[in-house]
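To start, the structure under review is shown below, and the notes come after it.
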Amino acid sequence: QQPVQSPQAVILREGEDAVINCSSSKALYSVHWYRQKHGEAPVFLMILLKGGEQKGHEKISASFNEKKQQSSLYLTASQLSYSGTYFCGTETPPGRRALTFGSGTRLQVQP
Amino acid sequence: DGGITQSPKYLFRKEGQNVTLSCEQNLNHDAMYWYRQDPGQGLRLIYYSQIVNDFQKGDIAEGYSVSREKKESFPLTVTSAQKNPTAFYLCASSIEGTRQETQYFGPGTRLLVL
């Protein structure tokens with residue numbers, strides 16, 4: 001079953017912060033976050049594993065709450081380059097390594 | 001440079017025609033995947049393969065077929081049975097055997113129906 005992402009869209013000014021959530025109705029083994037620019041392939045941001053720690057990459061970090069079966073992506077001091085659609089991909093069924101993706105969160109950062 | 005290549009970038013299909021999308025990787029990855037993306041939507045899994053000569057259906061396999069004769073290659077055929085093939089098709093690959101690795105995507109093929 002497809003994870004649910006919220007919000008569906010968000011508009012920010014440069015320097016503002018944003019949080020994107022990804023929730024699943026099933027227990028999660030891992031959550032993978034990607035950013036996609038229009039017409040391009042998704043680019044990997046980070047992976048969070050069951051039992052793992054919160055990850056960070058420059059001003060983008062993420063958390064994974066196993067009990068709530070959800071993950072959150074934190075974008076701080078946003079830059080114009082952060083614009084794009086953010087997807088979470090979840091791995092749930094044992095043995096199926098392919099990811100199931102949410103419908104995406106469209107982020108637009110304005111000057 | 002290691003990576004995933006997809007060709008062609010754009011593909012046009014006529015009614016009743018089968019078309020094949022190419023996906024090649026030189027990352028020495030065991031697993032390969034095909035996803036379909038419709039405008040404004042997420043990615044949906046068509047087929048995936050964890051090892052050569054083996055593949056499994058994903059969530060929307062009807063109207064598609066694949067083969068995995070070589071580790072580096074995972075072509076996707078869109079058959080005439082797929083009535084609404086217009087979409088962006090993305091191929092991905094990953095290292096098998098560990099859950100600490102993610103999937104990496106190729107640049108995609110945009111398929112349009114004439």
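Labels below follow one simple rule: chain letters A, B, ... track the order of the sequence lines, proteins then strands, and each chain is numbered from 1.
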Over 12 foreign heavy atoms within 6.0 Å of [atom1], [X]:
X         : atom1 : answer
Arg110(B) : CZ    : yes
Lys37(A)  : NZ    : yes
Leu27(B)  : CG    : yes

Shared hydrophobic cluster for [X] and [Y] (ILVMFWY, side-chain gaps under 4.5 Å):
X         : Y        : result
Ile11(A)  : Leu80(A) : no
Leu45(B)  : Phe74(B) : no
Tyr33(B)  : Tyr64(B) : no
Met32(B)  : Ile95(B) : no
Phe101(A) : Ile60(B) : no

Please confirm whether the backbone N or O of Leu99(A) pairs with a side-chain atom of Tyr48(B), one donor and one acceptor, at under 3.5 Å? no
Looking at Arg44(B), Gln37(B), Gln6(B), which one has more heavy-atom pairs under 4.5 Å with chain A than the rest? Gln37(B)
Mind listing the closest non-hydrogen atom pair of Ala41(A) and Pro107(B) along with its distance? CB-CA, 4.1 Å
From the list Gly89(A), Gly102(A), Gly39(A), the residue making the most non-hydrogen contacts under 4.5 Å with chain B is Gly39(A)
Who among Gln2(A), Glu40(A), Arg106(A), Gln36(A) has the most heavy-atom pairs with chain B under 4.5 Å? Gln36(A)
Nearest 0.5 Å, please: how far is [atom2] in [Y] from [atom1] in [X]?
X         : Y         : atom1 : atom2 : result
Thr102(B) : Glu91(A)  : OG1   : CD    : 9.5 Å
Phe44(A)  : Phe105(B) : CZ    : CZ    : 11.0 Å
Thr100(A) : Asp59(B)  : OG1   : CG    : 6.0 Å

Applying a criterion of heavy atom separation less than 4.5 Å, what residues of residues 75-90 of chain B form contacts with chain A? Phe88(B), Leu90(B)
